[in-house]
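Below is one structure, written out as structure tokens, with a few remarks after it.
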Amino acid sequence: MTFSVKRFTAIFQKDFKDLYRNMYVSSTAIMPLIFAVIYGRMDQVTIEMHLFVISISLALVAAFLQCAMIAEEKEKNTLRGLMLSPATLTEILAGKSAVSILMTVVVVGISMFLMDFSLAGRGALIAGVVLTLIFFIGLGTWMGLITKSVIEASVYILPVMFIFGMGNMFMAFADQYSFLEILAYTPGIQLEEIAGLEDSGAGLSELTKPFAIIGAWVVVSITLTVITFRKRMTD
């Protein structure tokens, strides 16, 4: 079955309208902007601070919006109907993900403007951010499929926010608490690694490891999403 732009657009427009009406969900986009304003007022803003804001934006906007929108569909008992509609798995996931991606890009763009930070000339970092965005969209979709309501989704997003969104901050305590060293493998920390390597003029071979780690996270999140989605279609 071919990809239908018409069905994709219909799903996108419906989710965008639902998001506009649900101020509780859309208000989560404010937190990254608050961090951006605070950091933007500092005399010296490090690359780690910029990447922290990007990471928290991806966790709170991409992952949570995606999770909340799908959980809300389940809460209203409309997701099942969508699954049984002529729309394909690709059209459904693409249509629902487009809203979260659009909101995330807007929030990250505004945050970077407030912090006077530009990604121009940082091709490797941009590629890493895009790959990380795909991971968070996949993670949010999967979480939405396993939660039953928006309230439950709000609870589930907390560990995601702390582990994946604020891992950069907790790494400062890794010397005291060895178990925190596992956070070094999260996408946010890998973005720092990519930025550092890119600034030092590293070649493609040196960038392979951080991209491979983020890529592994992407594969895991998408695999979980597809398996869970198909299971829900047959339940």
Side-chain angles (χ1 to χ4, degrees), residues 28-65 101 103-140 157-218 221:
T28 57
I30 297 176
M31 184 174 290
L33 299 179
I34 292 175
F35 279 111
V37 170
I38 293 173
Y39 288 151
R41 292 175 177 271
M42 295 182 177
D43 295 330
Q44 292 184 339
V45 184
T46 64
I47 185 65
E48 288 78 15
M49 292 179 180
H50 293 304
L51 294 177
F52 170 77
V53 173
I54 291 176
S55 295
I56 201 71
S57 298
L58 295 176
L60 283 180
V61 184
F64 178 64
L65 285 187
I101 292 173
M103 288 295 295
T104 304
V105 170
V106 170
V107 170
V108 170
I110 295 175
S111 298
M112 295 302 98
F113 174 77
L114 293 172
M115 298 175 70
D116 194 25
F117 177 67
S118 174
L119 290 171
R122 290 181 172 272
L125 182 57
I126 292 174
V129 171
V130 171
L131 200 58
T132 304
L133 173 59
I134 296 173
F135 158 69
F136 276 108
I137 290 295
L139 180 63
I157 199 63
L158 291 177
V160 172
M161 181 180 69
F162 286 117
I163 296 173
F164 295 104
M166 305 178 72
N168 314 51
M169 182 180 296
F170 294 129
M171 277 300 294
F173 302 97
D175 292 338
Q176 302 176 37
Y177 306 99
S178 58
F179 68 90
L180 292 177
E181 292 179 2
I182 194 173
L183 294 177
Y185 296 96
T186 56
I189 303 301
Q190 296 307 309
L191 288 181
E192 288 188 6
E193 185 73 13
I194 291 172
L197 290 171
E198 190 172 37
D199 288 342
S200 64
L204 182 61
S205 60
E206 295 173 277
L207 290 166
T208 301
K209 182 179 177 181
F211 273 105
I213 293 174
I214 299 176
W217 283 107
V218 172
S221 67

Would you indicate whether I126, at its atom CD1, is surrounded by more than 12 heavy atoms from other residues, nucleotides or ligands within a distance under 6.0 Å? yes

In this structure, are over 12 heavy atoms from other groups packed under 6.0 Å from M115 atom CE? yes

Given side chains that start at C-beta, do those of [X] and [Y] come closer than 4.5 Å, heavy atoms only?
X    : Y    : answer
I189 : E193 : no
L139 : F164 : yes
T132 : W217 : no
F136 : V160 : yes

When rounded to the nearest 0.5 angstrom, what distance separates [atom1] in [X] from [atom2] in [Y]?
X    : Y    : atom1 : atom2 : answer
I194 : L197 : CD1   : CG    : 8.0 Å
I56  : L33  : CD1   : CG    : 12.0 Å
I137 : L58  : CD1   : CG    : 8.5 Å
Q190 : I213 : CD    : CD1   : 3.5 Å
R41  : L114 : CZ    : CG    : 10.0 Å
R122 : I47  : CZ    : CD1   : 4.5 Å

Apply ring-ring contact (aromatic ring centres under 6.0 Å, His included) to F211 and list each qualifying residue two or more places apart in sequence or on a separate chain. none

List the residues meeting ring-ring contact (aromatic ring centres under 6.0 Å, His included) with Y39, not counting sequence neighbours, and say none if there are none. none

Quick check: closest heavy atoms across P32 and V61, and the distance to 0.1 Å? CG-CG2, 4.4 Å

Nearest heavy atoms of L133 and A62, plus distance in Å: CD1-CB, 3.7 Å

With side chain to side chain donor-acceptor pair (under 3.5 Å) as the rule and sequence neighbours excluded, what pairs involving residues 46-63 come up? T46-E48

Side chain to side chain contact (heavy atoms under 4.5 Å, CB included) between L51 and L125: does it pass, once the steps are laid out? CA-CA 10 Å; L51 294 177; L125 182 57; 3.9 Å; yes

The residue among I214, I54, T104 that forms side-chain contact (heavy atoms from CB on, under 4.5 Å) with V129 is I54

